Amino acid sequence: MKIDLSEQIIELLSASIEKNIKEGRFPLKEAPQINLQVPKNKSHGDLSTNIALQIAREVSTKPLEVANLIVNNLETQNTIIDKVQIAEPGFINFWLKENWLFQNLEEIREKGEDYGELNLGKGKRIQVEFVSVNPTGPLHVGHGKCAAVGDSLSNILKKAGYKVEKEYYINDQGRQIDLLGQSVQTRYHQLLGEKREFPSDGYKGEYIKDIAQEVIAKFQDKYKGRDDQESREFFKSFALQSILAGIKKDLNDFGVEFDVWFSEKSLYEEDKLSEMVELLKQRGFLYEKEGAFWLKTTTFGDEKDRVVIRENGVPTYFASDILYHQNKYQRGFDKVIDIWGADHHGYIKRMKAALQALGYPPDFLEVLIVQFVTLIREGKEVGMSTRGGEFVTLRDLIEEVGRDVARYFFLMKSYDSHTDFDLDVAKSQSMENPVYYVQYAHARICSIIKKAKEAGLSLDRKEKVNLQRLSEEEELALIKELSLLKEVIKKAALTWRPHLLTNYLYELASLFHRYYTVHRVITDDEELSRARLVLVDCIRIVLSSTLKILGISAPESM
RNA sequence: GUGCCCGUGGCUUAAUUGGAUAAAGCGACGGCCUCCGGAGCCGUAGAUUGGAGGUUCAAAUCCUCUCGGGCACACCA
């Protein structure tokens, strides 16, 4: 069987259009990009294209006429195409031979969880950087959303044939880290009974005291009364290690693992900064004004130029980010995707401008902006302030609703729309809760397969099964849905939208639940039962592998 | 004030990136268990896609204006 059938049909269409060009009917230079879609309406066939409508203007011919010319030159013998029809105002609709569906099932049986893998990326290297919170406190729920999106997106890209690296950027230097160190140090002194004023803009959370306690547990009063350089460095690095360890643990428990933890500090080790400054000067994008060095980001559409090196000689955060992205480029990625919270969106222009100033293509960097999360409990918004003991951390959320639910809820809507996270729905084990709905479908299938085995019907991957017996409307609909997986992954990978998979899962589960209530898998007719077992097993495989991409478990019973 | 994101049934969101009759869930109302897991299934009601123009064979989607909501506008990170 062929690679991908939509590819096959696109090739046929291209050939036909090229023939029309060659024979002078279409005044075009080359065949255009053709898109196939799966029509919503069954009466529009299995696949459909609007190509005639799209080129009608260019070839100055009526769309219907164009469609006719294309169809007349289409070589459909010995292909998967059963019937072609032209519809107003110029769509070309394809009906496929029924056995393409069964071939699809065979493919799923053969490939198992690898079904749906694509070669879209052709091995290109993509880096996805996400979360990257300042290590000055625990992760909150918003970071959880970023983590879920970044992690699933990475999995999707992998499945689509890209080489993906997940990275976390650690801001391990600068004022915030100084403050963190001071905060812990002050708490340490206070806990040991010394009177110390807490830094006015220090970190006031309870976790700071916990860290101070850790210090006491490990080093007792070793640093008591001291405020020298060495002890300050100690508190800084101790606090950093401790918080970072917490962040790693939270992410791990959320099912997210990074390939690289990249230190901001390391950017400054070999004086890369002055190299970068020199380069930008040479390229004419860096100038001095009022004692500071400014990058001409306005050249690339930013509202104002930005300071890179302050008057006092200290590089800004922006300087680090330029260095960091330069480093990314030098590591040879074909593309890097940064996932940022909504509060950073104003930063995109200057970052892209900086990359262009360095001479990199503007689309080397893609920034996805994730909108905020609002927690709802008993119909009311949960305050995100640290006061009042209401939970705000990712850890609390995982403990309250579970990892599967949390991830699903973050991924069921487009990341660029606000998430209203209803805790009561998230905890309910009913049809209100889409996670269980999908997982339940999986568990049901497992149960059927088990039951079948007990009845002596076991599934052997290699065994020939007469799939032609699958002829019910619900069965054909299910097989079609299964075959859509590739399209969904392709689209999700090209548009960076993980929620497409969530929607797909829900739809597949829904079709299965309907099928389940109307037809029995295990019947007196053994041949039929075997065919149906293959079908439900394929559904199980697709449910399970898609859930895996989203980082959600596929329980066999629940 | 300037820039970015978002306005879709009562509520929360989809819509194959410009396609054919705007699709689901919740909530409301009415049905379905002698049978593989009822955490399920079926049906009914509910929409001028915030509003006004425009672009074209075709607009929820693109452009302009306008009204609401969020976020950002530092020699902070």
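Proteins come first, then strands; the chains are lettered A, B, ... in the order of their sequence lines, and each starts at number 1. We use all heavy atoms of the structure for the numbers below, so side chains are in, but hydrogens, waters and symmetry mates are not. Here the structure is a predicted model, which means the values were calculated and not measured.
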ask   = Quick one: is A20(B) close enough that its OP1 or OP2 comes under 4.0 Å of any side-chain N or O from K40(A)?
value = yes
message = Looking at the base of U12(B), is there any donor atom on it, or on the side chain of D420(A), that sits under 3.5 Å from an acceptor on the other one?
response = no
Steps toward side chain to side chain contact (heavy atoms under 4.5 Å, CB included) verdict (L543(A), F512(A)) = CA-CA 11 Å; L543(A) 285 175; F512(A) 168 73; 5.9 Å; no
inquiry  = We want to know whether D416(A) and S414(A) form a side-chain donor-acceptor pair, criterion being a heavy-atom distance below 3.5 angstrom.
reply    = yes
Sugar-phosphate only, base, or nothing, as touched by Q37(A) at under 4.0 Å among non-hydrogen atoms = base
query = Quick one: does S48(A) reach the base of A20(B) with a side-chain donor-acceptor pair under 3.5 Å?
reply = yes
request  = When you get a sec, tell me which of G40(B), C71(B), G3(B) is the closest nucleotide to the side chain of D343(A)?
outcome  = C71(B)
task = Quote, to the nearest angstrom, the P distance that separates A14(B) from C67(B).
result = 26 Å
note = Pairing partner of A58(B), by Watson-Crick or G-U wobble and under 3.5 Å for both distances, is none
request  = Select base, sugar-phosphate, or nothing to describe what P89(A) touches, counting heavy atoms under 4.0 Å on all strands.
outcome  = base
message = When the P atoms of U8(B) and A47(B) are compared, how many Å lie between them, rounded to an integer?
response = 15 Å
query = Below 4.0 angstrom from OP1 or OP2 of G37(B), is there any side-chain N or O of K451(A)?
reply = yes
inquiry  = Any base atoms under 4.0 Å from R514(A), or only sugar-phosphate, or nothing? Heavy atoms, all strands.
reply    = sugar-phosphate
message = Taking any heavy-atom pair under 4.0 Å as a contact, classify H513(A): base, sugar-phosphate, or nothing.
response = sugar-phosphate
request  = May I ask you to check whether S320(A) and E264(A) show a side-chain donor-acceptor distance below 3.5 Å?
outcome  = yes
request  = Answer with yes or no whether the side chains of Y203(A) and Q176(A) bring together a donor and an acceptor at under 3.5 Å.
outcome  = yes
message = Using atom P in both nucleotides, what's the gap between G10(B) and C6(B) to the nearest angstrom?
response = 23 Å
request  = Identify which nucleotide among U17(B), A24(B), U13(B) has an atom closest to any side-chain atom of Y506(A), counting heavy atoms from C-beta outward.
outcome  = A24(B)
message = At 4.0 Å (heavy atoms only), tell me whether R350(A) reaches a base, stays on the sugar-phosphate, or touches nothing.
response = nothing
query = Taking the same atom, C1', in G7(B) and in A60(B), what whole-Å distance lies between them?
reply = 11 Å
query = Are OP1 or OP2 of C57(B) and a side-chain N or O of R57(A) less than 4.0 angstrom apart?
reply = yes
key: Polar pair under 3.5 Å, donor/acceptor by atom type, side chain H345(A), base C71(B)   = yes
task = Please answer whether A72(B) and H344(A) are stacked, defined here as ring centres separated by less than 5.5 Å and planes angled under 30°.
result = no
query = Closer than 4.0 Å, any side-chain N/O of S417(A) to the OP1 or OP2 of A14(B)?
reply = yes
ask   = Is the shortest side-chain N/O distance from Y504(A) to OP1 or OP2 of A14(B) below 4.0 Å?
value = no
task = Could you tell me whether N503(A) contacts a base, only the sugar-phosphate backbone, or nothing, with contacts defined as non-hydrogen atoms closer than 4.0 Å?
result = sugar-phosphate
inquiry  = Both distances below 3.5 Å, Watson-Crick or wobble geometry, any strand: find the nucleotide opposite G1(B).
reply    = C73(B)
inquiry  = Let's test this: given Watson-Crick or G-U wobble pairing with both distances under 3.5 Å, identify the partner of G30(B).
reply    = C42(B)
request  = Kindly label the base of C33(B) as syn or anti, based on whether its glycosidic torsion lies within 90° of 0.
outcome  = syn
query = Strictly by modelled atom types, are Y287(A) and D305(A) linked by a side-chain donor-acceptor pair under 3.5 Å?
reply = yes
Polar contact flag, side-chain donor to acceptor under 3.5 angstrom, T419(A)-K145(A) = yes
inquiry  = Within the 3.5 Å criterion, strictly below it, is a donor on D404(A) or Q439(A) matched to an acceptor on the partner's side chain?
reply    = yes
ask   = Is A14(B) paired to anything, Watson-Crick or G-U wobble with both distances less than 3.5 Å, and if yes, which nucleotide?
value = none
request  = Please tell me which of the listed nucleotides, C75(B), C36(B), G40(B), lies nearest to the side chain of W294(A)?
outcome  = C75(B)
ask   = Across all strands, who's sitting opposite U64(B) as a Watson-Crick or G-U wobble pair, both distances under 3.5 Å?
value = A52(B)
